[in-house]
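One structure is given here, and the rest of the page talks about it.
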Amino acid sequence: MILEGKRLVITGVITKDSIAFHAAARALEEGASVVLTSFGRVRRMTERAAARLPSEVDVLELDVNKPDDLSALTGSLRDRWGGVDGVLHAIAFAPEDALGGRFMTTPPESAAAAFQTSAFSLKALAAAVEPLMDGGGSVVGMDFDATVAWPIYDWMGVAKAALESVSRYLARDLGPRGVRVNLVSAGPLGTVAARGIPGFEQLADLWRVQAPLGWDIEDPSPVGDAIAFLLSDLSSGISGEVIHVDGGFHAMGTDLD
Ligand SMILES: NC(=O)c1ccc[n+]([C@@H]2O[C@H](COP(=O)([O-])OP(=O)(O)OC[C@H]3O[C@@H](n4cnc5c(N)ncnc54)[C@H](O)[C@@H]3O)[C@@H](O)[C@H]2O)c1
């Protein structure tokens, strides 16, 4: 069991389709202790999803944009475990007018909101847990390849480019404490966040013709597996990396037909 004895914080579970749900399930199967986070009015949904995990887990309050929630999280984890070994950041949000083909008319406030919740928050979350990682640790975030422009992804794409950069700076600053920081760049999956993007099917269709391994938008388990690897000691020499779990899509220049 590759996560035996690991104490892990997993954000971003809202339904059983959430990528983070599959990461949590895999982590529990691999022997980890897990707490989830959620916030405000979606907390009930997280608790319902949590009940479907292989063992019981607690849900702590965290709106990643609220400094008070972040400091309460640090205190609560210290009381519970005394330390933390890993954290999954599976959080993204962009206002409706920042997505769906409205790139040229998005107001700056909406672009900034996407940046804060989807990119800056990786630093905010890492800063909250890093003081508890005395024996080193692993921070994992979720990416959608931001080295290129996509249809409809718009300011969320820009936020993901920022997230890629934030993870490198975190890798620089936390590495000397033995904390590694990596991203998983996933192919499209039919989660709440993804289906909320107008035109999501358009993106998913690209994978049908360009992923050499094939890609099932209903199956986040390969992504959960890679997250488990990055949270485990098997990835002890990896930091500042982006691992693509996308059926090989990113390595192809065009569709395969
Ligand atoms: N689904 C995809 O196609 C896909 C592909 C690549 C990367 N990702 C990324 O994976 C991550 C998880 O998304 P998902 O697809 O599982 O969708 P999801 O809707 O299941 O999860 C998104 C989560 O973000 C949380 N969140 C939003 N604002 C927050 C805040 N202020 N504080 C704390 N939590 C907040 C939501 O509560 C939710 O749990 C995101 O970073 C997303 O961009 C998704």
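Order of appearance sets the numbers: ligands from 1, and atoms from 1 within every ligand. Residue numbers count from 1 along this sequence. Keep in mind that the numbers below use all heavy atoms, side chains included, and drop hydrogens, waters and symmetry copies. Just so we're clear, the structure is a prediction, and the values are computed from it rather than from any experiment.
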- Message: So, using side-chain hydrogen bond (donor to acceptor under 3.5 Å, both in side chains) as the criterion, who are the partners of S185 when residues are at least two apart?
- Response: none
- Item | Ligand-residue contact atoms, ligand 1 with P188, heavy atoms, under 4.0 Å | 3 (O)
- Closest to atom 14 (P) of ligand 1 (heavy atoms only, candidates T46, T191, D246) is T191
- Any ion pair linking R41 and E61 (charged N to carboxylate O, less than 4.0 Å)? no
- Message: For A124 versus V64, what's the shortest heavy-atom pair and its separation?
- Response: CB-O, 4.2 Å
- Task: Answer with yes or no whether the side chains of D97 and S110 bring together a donor and an acceptor at under 3.5 Å.
- Result: yes
- Item | Proximity to ligand 1 by part of L62, non-hydrogen separation under 4.0 Å | backbone
- Message: Are any of the N/O atoms on D63, whether in the backbone or the side chain, positioned under 3.5 angstrom from an N/O atom of ligand 1?
- Response: yes
- Note on the structure: Between the CG atom in L163 and the CG atom in L170, the distance rounded to the nearest 0.5 Å is 9.0 Å
- Item | Atoms of ligand 1, numbered as shown, that sit under 4.0 Å from any heavy atom of V13 | 39 (O)
- Item | Check: V64 N/O within less than 3.5 Å of ligand 1 N/O | yes
- Task: Return yes when N65 approaches ligand 1 closer than 4.0 angstrom through a heavy atom, no otherwise.
- Result: yes
- Which of the ligand 1 atoms, numbered from 1, are nearer than 4.0 Å to a heavy atom of G12: 21 (O), 23 (C), 38 (C), 39 (O)
- Specify the protein heavy atom at minimum distance from atom 37 (O) of ligand 1: its residue, its atom name, and the distance to 0.1 Å. F39 CE2, 3.6 Å
- Does E201 come within less than 4.0 Å of R195, counting only side-chain N to carboxylate O? yes
- Could you pull out the closest heavy-atom pair between A159 and S118, with the gap in Å? CB-CB, 4.0 Å
- Electrostatic pair K160-E164, nearest N-O below 4.0 angstrom: no
- Is a salt bridge present between K6 and D233, judged by a nitrogen-to-oxygen distance below 4.0 Å? yes
- Query: Starting from atom 12 (C) of ligand 1, which protein heavy atom do you reach first, and at what distance in Å?
  - Reply: A90 O, 3.4 Å
- Query: Does the N or O separation between A186 and ligand 1 drop below 3.5 Å for any pair?
  - Reply: no
- Query: When only distance counts, is S18 in polar contact with ligand 1, meaning an N/O pair under 3.5 Å?
  - Reply: yes
- Which residue and heavy atom of the protein sit nearest atom 27 (C) of ligand 1, plus the separation: A92 O, 3.7 Å
- Do I10 and F21 touch side chain to side chain, with heavy atoms closer than 4.5 Å? no
- Of all protein heavy atoms, the one nearest atom 9 (C) of ligand 1 is M142 CB, 3.6 Å
- Note on the structure: re atom 26 (N) of ligand 1, the protein heavy-atom contact at minimum distance is I91 CG2, 3.7 Å
- Note on the structure: atom 8 (N) of ligand 1 has as its nearest protein heavy atom I19 CD1, 3.9 Å
- Query: Is A193 close to ligand 1, meaning an N/O of one under 3.5 Å from an N/O of the other?
  - Reply: yes
- Query: Does ligand 1 have a heavy atom under 4.0 Å from the side chain of F21, from its backbone, from both, or from neither?
  - Reply: neither
- Task: Of the side chain and backbone of D143, name the one, both, or neither that has a heavy atom under 4.0 Å from an atom of ligand 1.
- Result: backbone
- Report yes or no: does a heavy atom of T11 sit under 4.0 Å from some atom of ligand 1? no
- Message: So, using salt bridge (Lys or Arg N to Asp or Glu O under 4.0 Å) as the criterion, who are the partners of R180 when residues are at least two apart?
- Response: none
- Message: Quick test of your reading of the model: are D85 and R7 salt-bridged, counting only N-O distances below 4.0 Å?
- Response: yes
- Query: For atom 28 (N) of ligand 1, what's the nearest protein heavy atom and its distance?
  - Reply: T117 CG2, 3.6 Å
- Item | Donor-acceptor side-chain pairing of S121 and N65 below 3.5 angstrom | no
- Task: Using a 4.0 Å heavy-atom cut-off, say whether A194 meets ligand 1 through its side chain, its backbone, both or neither.
- Result: side chain
- Message: Is atom 35 (C) of ligand 1 near the protein, in the sense that some protein heavy atom lies at less than 4.0 Å from it?
- Response: yes
- Ligand-residue contact atoms, ligand 1 with F144, heavy atoms, under 4.0 Å: 5 (C), 6 (C)
- Query: Are W207 and F144 near enough that their ring centres are under 6.0 Å apart?
  - Reply: yes
- Message: I'd like to know if K160 contacts ligand 1, where contact means a heavy-atom distance under 4.0 Å to any ligand atom.
- Response: yes
- Query: Aromatic rings W150 and F249: how do their planes relate, parallel, tilted or perpendicular, breaks at 30° and 60°?
  - Reply: tilted
- Per-atom contacts of ligand 1 with G187, taking only distances under 4.0 Å to non-hydrogen atoms: 3 (O), 5 (C)
- Message: Do the side chains of R26 and D225 get close enough for a salt bridge, i.e. N-O under 4.0 angstrom?
- Response: yes
- 4.0 Å heavy-atom contact, G141 with ligand 1: no
- Query: Any N or O of L189 that comes nearer than 3.5 Å to an N or O of ligand 1?
  - Reply: yes
